[in-house]
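Data block below; observations after.
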Amino acid sequence: MTVFSRIAGTGSYLPAKVLTNRDLEGSVDTSDEWIYSRTGIRQRHVAAAHECASDLALMASRRALDAAGVGADALDLIILATTTPDMVFPSTACILQAKLGVKNCPAFDVQAVCSGFVYALTTADHFMRSGQYRNILVVGAEVYSRILDWEDRGTCVLFGDGAGAVVLQRSDKPGILATRLHADGSHAHILSVPGTVSGGKISGRPLLQMEGNAVFKFAVRVLGEVAEEVLAASGLAKDNIDWLIPHQANVRIIQATAKRLGLPMDKVITTVDLHANTSAASIPLALDVAVRDGRIRQGQHVLLEGVGGGFTWGAVAVIM
Ligand code: UT7
């Protein structure tokens, strides 16, 4: 019997504090008009000082587990995508496992920046297809507010904090139809946080830096290419797609991708206006919003795709 992964439940969580574009006008030389017209962003959520990626992940995971009707003790595997882990180690996935109050499953992090959730979902699907797993928790959780230079108007206006999660269940019907992942490390310099810890000190600059234009062009090209690649692999035509959920970095990148695929914007889920770019959390956050507001329904075809630092990119085609 062929084994498939089905998305049995989704969940998400946004920290309480909202930072609007107007709020940012008070701290850097920017304007709501500039940010909204260049990116589509109106506001972002920012974690409280005591909140870590694992705390946001915990809230999103509980909601996904409730939606799936699965207890945390039934999980066989936890995969968590983050670029902003709680600490160097243990992994944020292990910290999340402890916060969920369970012990008997493997747990590990995936680091693929804004493609992290697509990487984690693809990894989970391969584990599921091995036949050894029944319930896998896949999470994207980020606190980008911790790695931003709040004096750099070119980057600090673009990102936000949040988490999204899905529970994947073993099924004899799809589910996930096809997945495709890519990386090209030669573009690392156009988007990075070039710092680490060494000898008890911070070495390098542990704040996000980006060549916005270069990232923009790269993102539009590869999102178009990988969407077509995963559609071909899943045997779907563009017309079969009910919903596109692209990584939420900039509405102009999203519009360009939709145009290239010939999809009208009313088939595209966008949350970038309210969440800004939450990196590995953006796709599961958008998925959960659209599942809970009733737009995404069972049996529909959804295309998820992400691109981010590394560079990494990938896509997943799924029947809900
Ligand atoms: O998840 C993947 C990660 N990131 C992305 O996907 C982001 C991809 N890139 C982008 O979204 C866009 O390139 C940006 C939104 C970052 C920038 O938009 P742009 O249309 O490419 O603007 P630009 O970089 O060409 O900047 C135009 C001007 C510059 O001024 P000058 O040199 O023309 O005088 C910037 O200094 O806008 C200025 N600028 C700002 N002005 C007001 C840059 N940031 C701001 C700001 N407020 N926040």
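The residues of the chain are indexed from 1 along the displayed sequence. These figures come from a predicted structure and were not determined experimentally. We use all heavy atoms of the structure for the numbers below, so side chains are in, but hydrogens, waters and symmetry mates are not. Ligands are counted one by one from 1 in listed order, and the atoms in each one are counted from 1 as well.
Within the 4.0 Å cut-off (strictly below), a protein heavy atom is located near atom 44 (N) of ligand 1. In this structure, atom 34 (O) of ligand 1 has no protein heavy-atom contact shorter than 4.0 Å. For atom 31 (P) of ligand 1, the protein comes within 4.0 Å by no heavy atom at all. By the definition of a contact as any protein heavy atom under 4.0 Å away, atom 15 (C) of ligand 1 is in contact. Counting only heavy atoms, the protein gets under 4.0 Å from atom 38 (C) of ligand 1.
Considering backbone and side-chain atoms together, Asn277 places an N or O closer than 3.5 Å to an N or O of ligand 1. Considering backbone and side-chain N/O of Gly212, one or more are found under 3.5 Å from N/O of ligand 1.
Proximity of Leu191 to ligand 1, defined as any heavy-atom pair under 4.0 Å, is confined to the side chain (atoms from C-beta onward). Under 4.0 Å from ligand 1, not a single heavy atom of Thr155 appears.
Which parts of ligand 1 touch Thr39 is read off a 4.0 Å heavy-atom cut-off, strictly below it: atoms 15 (C). Taking every heavy atom of Ala249 and a limit of under 4.0 angstrom, the matching atoms of ligand 1 come to 1 (O), 5 (C), 6 (O).
Comparing Glu33, Arg153, Arg38 against atom 48 (N) of ligand 1, the shortest heavy-atom distance belongs to Arg153. Remark: among candidates Ile190, Asn250, Asn21, the nearest residue to atom 12 (C) of ligand 1 is Asn250, based on non-hydrogen atoms. The option with the heavy atom closest to atom 24 (O) of ligand 1, from among Asn213, Asp152, Ile35, Leu24, is Asn213.
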Can you list the steps and then say if Ile41 with Asn21 is a side-chain contact (heavy atoms from CB on, under 4.5 Å)? CA-CA 8 Å; Ile41 296 168; Asn21 293 350; 4.1 Å; yes

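Salt bridge Arg205/Asp149: present, at least one basic N to carboxylate O contact under 4.0 Å.
Minimum heavy-atom separation, Val113 to Ser279: C-OG, 3.5 Å.
Counted within 6.0 Å of CG on Asn104, heavy atoms from surrounding residues, nucleotides or ligands total 12 or fewer; the atom is thus considered open.
Under a 4.0 angstrom heavy-atom cut-off, Gly154 registers as being in contact with ligand 1.
For the pair Arg129 and Phe127, the cation-pi criterion (under 6.0 Å, within 45° of the ring axis) is not fulfilled. Remark: Arg170 fails to qualify as a cation-pi partner of Phe4 under the 6.0 Å distance and 45° angle criteria applied to the six-membered ring.
The CD1 atom of Ile176 lies 10.0 Å from the CE atom of Met320; values are rounded to the nearest 0.5 Å. Distance check: Ile253 CD1 to Gln248 CD gives 10.5 Å after rounding to the nearest 0.5 Å.
Hydrophobic clustering, with ILVMFWY side chains joined whenever heavy atoms are under 4.5 angstrom apart, keeps Leu236 apart from Leu304.
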